[in-house]
**Student:** 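Can you read through this structure? Questions will come right after.
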Amino acid sequence: MANRLAARFKGRHDSQQYFLVGVAMSAEQKSGITHEGDFYSEEALHEMHDSMLFIRRFEEKAGQLYGLKKIGGFCHLCNGQEAVCVGLNSAADAKDYMMTSYRDHGHILARGTDPTAVMAELLGRAGGVVKGKGGSMHMFDIEKNFAGGNGIVGEQVPIGLGFGFSSWYKEDGRVTICIMGDGGINQGAVYESFNMAALWKLPIVFLVENNQYAMGTSLDRASAETQLYKRGISFKIPGIKIDGMDVLEFDKRMREAIEHARSGKGPMLVEANTYRYRGHSMSDPATYRTRAEVDEWRSGRDPIARLQNQMIAAGLSTEEAFKQKDKDIKKEVAAIAKAAEAQPEPGASELWTDIYSDPIEGAYPETGKVY
Amino acid sequence: MNKITYREALNQAMAEEMTRDDRVFLMGEEVAEYNGAYKVSQGLLDKFGPKRVIDTPITELGFAGLGVGASMTGLRPVVEFMTWNFAILALDQIVNAAAKMKYMSGGQYSCPMVFRGAGGSAARVGAQHSQSLENWIANVPGLKVVMPSNPADAKGLLKASIRDNDTVIFIENEINYGDVGPVPEGEYIIPLGKADIKRVGTDVTIVAHSRMTGFALEAAKILAEQGIEAEVVDPRTIRPLDEDTIVASVVKTNCAVVVEEGWRFAGIGAEISARIMERAFDDLDAPVIRVTGKDVPMPYAANLELMALPSVADIVEAARVACGRA
Ligand SMILES: Cc1ncc(C[n+]2csc(CCOP(=O)(O)OP(=O)(O)O)c2C)c(N)n1
Ligand SMILES: [Mg+2]
């Protein structure tokens, strides 16, 4: 049960085409929901919906636990951005590499990492994805090809360049999806990376999660060119802008971008238009934007409500069924939090592990005392 | 004397200097409309307008260089890094440009400016957001490094730093921002390069800077209860270092503990103990003891984080060992 999301995504990744009905399924299996000519199976739609809802409820629980001081430090939630996390992971292969910033809970969950391990990490427990050493900002899962969880804005972009280079070098057919924010895209190293990625035609999709703000700075106060998908033009990197509040649209267009990169044509730049409902981190009251603006996105464009409405209209589910589903997911998340909380803190000796491959000679004694 | 926070003291220093000298401007991420990520620049945009209090994109290397260029042409930039962890992206401009410009240009150009922001460990923010880097920067000739430990010092030292004709690296402490203390109003300048004896004592010298000064004072209280009078010396300026004050204290107490939050390897404590050895070897009754952060990246888990940082108890123990009363 704890690993529900992982199981869900595993199935999907094992047979890539099983839910893009337009590609792999017969006309009889069509769910009835079409998206620009593609058909999704009923099962796939439920999975996408449940995954987004799971991420939302997980983040709410994280927020609660932060309020109770059980989670500490910086904690950045992704409420509102779930369609990007889920659409991206349905479009990508399990073998593809992914890395992002500190706003990483939704991405690693969508990637299929055990949610109890993610929650345990937030709580600083021994069973956390990185043994309680990283916390909210530093989620890693090498088995899922998820390389962080990076706390320095823009840092993951040249790292993603290196992952892409490695795939080019090894000809392993993987694509790297390197995620950054609308603020992060202004770092100089991003452009150094764009140039090299294009120069050597590396298999990378640079994905900008444009949630309209970098902390308290709105896009137009930080960027001379606010159409961020155009930022690759002078490097000859094709760019597209996708509605990041529509999981079906995002999935479909992201597939195209990944295919472009996988086929050897070089990198692509994707801008996902999205919105974060909560403050930048738990300590941000978000007074720099109006209530009306938040409401407009929340009630007018919410990715979960949107898919629910589509599914209800297609006769695939009902409002009552979704309410029940929500209750179930909330229960599941509560159980996950409880299980994670019950774990012990990391053992004291963990302080000294994972620094070098082998203990180095002449290191200071573990007590730190030389007297 | 007014009691205000460390954060307000820094704010006052900037406001006063910006009023006094219209070449002074403040630039950084979230400094203007958001009033600072840690609210240090609260109200400055309202007071001085968007030409002098400027929000930048997240481009540390770029705006650090902007500051260098502006200082070379007569302005007096105060460049804020949200934290010093992010200044690592700007180190080229700080180390290769600001620090060396005067020398490389044979004295023609100089970079009178302040790079400031929060440094040291914060609470539960993990390896990339919780570290002390003052020893990296203090290693570079051409830079001055200032680290205030209380509100009054914060004000007096920042005003002096803004007026200084060289590049000053001003490292604040995030956990100290809310500390309250008496701060003189108006013109209050503390010259750079002057240590301060925060507590007078005869039995052991404890040298500690930034947040560790508070820890040392706590330790001194406990030691006093045990009949040991510790002298707490706060260098306040790491470079230039007030060697005379430190050495004079050691000559009096004949033993010393040097405390720093950062890593031991090539740390500030290594520098200070070497200087004590060079100048006061014959006055020492015991080797100088360093109390430092553990030699590991900062972990997130609460229990591990606590173990990684120096504690008051560590300082008490080290002091007792140093003065032969363990
Ligand atoms: C190099 C660096 N500078 C500053 C910060 C502080 N900081 C953390 S997040 C952030 C805003 C980033 O915004 P964006 O890239 O849009 O991502 P979002 O938080 O919206 O997902 C800033 C300035 C940092 N972590 N790293
Ligand atoms: Mg953003």
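Naming convention: chains lettered A, B, ... in sequence-line order (proteins, then strands); numbering from 1 in each chain. Atoms considered below: every heavy atom in the structure, side chains included; atoms not considered: hydrogens, waters and symmetry mates.
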**Student:** What is the distance from atom NZ of A/K131 to atom CG of B/L304, rounded to the nearest 0.5 Å?
**Tutor:** 11.0 Å
**Student:** For the residue pair B/P57 and A/A222, what are the closest heavy atoms and their distance?
**Tutor:** CG-O, 3.4 Å
**Student:** Answer yes or no: is there a donor N or O on one side and an acceptor on the other, between the side chain of B/N303 and the main chain of A/P346, under 3.5 Å?
**Tutor:** yes
**Student:** Please report the shortest heavy-atom distance between B/A301 and A/G124, naming the atom on each side.
**Tutor:** CB-O, 3.6 Å
**Student:** Heavy-atom distances under 4.5 Å only: say whether A/L219 touches chain B with side chain, backbone, both or neither.
**Tutor:** neither
**Student:** Please flag which part of A/L123 lies under 4.5 Å from any non-hydrogen atom of chain B: side chain, backbone, both or neither.
**Tutor:** backbone
**Student:** Nearest heavy-atom pair of B/V125 and A/M137: which atoms, and what distance?
**Tutor:** O-CE, 3.1 Å
**Student:** When B/P297 is tested against each of A/I355, A/D354, A/L351 for side-chain contact (heavy atoms from CB on, under 4.5 Å), which residue passes?
**Tutor:** A/I355
**Student:** Looking at A/H280, A/M215, A/E350, which makes the most heavy-atom pairs under 4.5 Å with chain B?
**Tutor:** A/M215
**Student:** Taking every heavy-atom pair that is under 4.5 Å apart, which of A/V130, A/I152, A/V190 has the most such pairs with chain B?
**Tutor:** A/I152
**Student:** For chain A, which of B/A127, B/A322, B/A318, B/P287 has the most heavy-atom pairs under 4.5 Å?
**Tutor:** B/A318
**Student:** Would you indicate whether A/I142, at its atom CD1, is surrounded by more than 12 heavy atoms from other residues, nucleotides or ligands within a distance under 6.0 Å?
**Tutor:** no
**Student:** Can you tell me which portion of B/V296 sits under 4.5 Å from chain A's heavy atoms? Options are side chain, backbone, both or neither.
**Tutor:** both
**Student:** Measure B/A123 against the heavy atoms of chain A and call it side chain, backbone, both or neither at under 4.5 Å.
**Tutor:** backbone
**Student:** Measuring from A/Y288:OH to B/E30:CD, what's the distance to the nearest 0.5 Å?
**Tutor:** 8.0 Å
**Student:** So, do A/H138 and B/Y300 have ring centers that fall under 6.0 Å from each other?
**Tutor:** no
**Student:** Would you compute the distance between atom CG of B/L89 and atom CD of A/E155 and round it to the nearest 0.5 angstrom?
**Tutor:** 8.5 Å
**Student:** Got a second to check how far B/Q128's CD is from A/N150's CG, nearest 0.5 Å?
**Tutor:** 6.0 Å
**Student:** So which heavy atom on A/V153 is nearest to which on B/I58, and how close?
**Tutor:** CG1-CG2, 3.7 Å
**Student:** What's the shortest heavy-atom distance between A/P285 and B/Y34, and which atoms?
**Tutor:** CD-OH, 4.2 Å
**Student:** At what distance, to the nearest 0.5 angstrom, does CZ of B/R124 lie from CD1 of A/I71?
**Tutor:** 9.5 Å
**Student:** Does any heavy atom of chain A fall under 4.5 Å from the side chain of B/E305, the backbone, both, or neither of them?
**Tutor:** neither
**Student:** Could you tell me which portion of A/R221 (side chain, backbone, both or neither) has an atom closer than 4.5 angstrom to a non-hydrogen atom of chain B?
**Tutor:** side chain
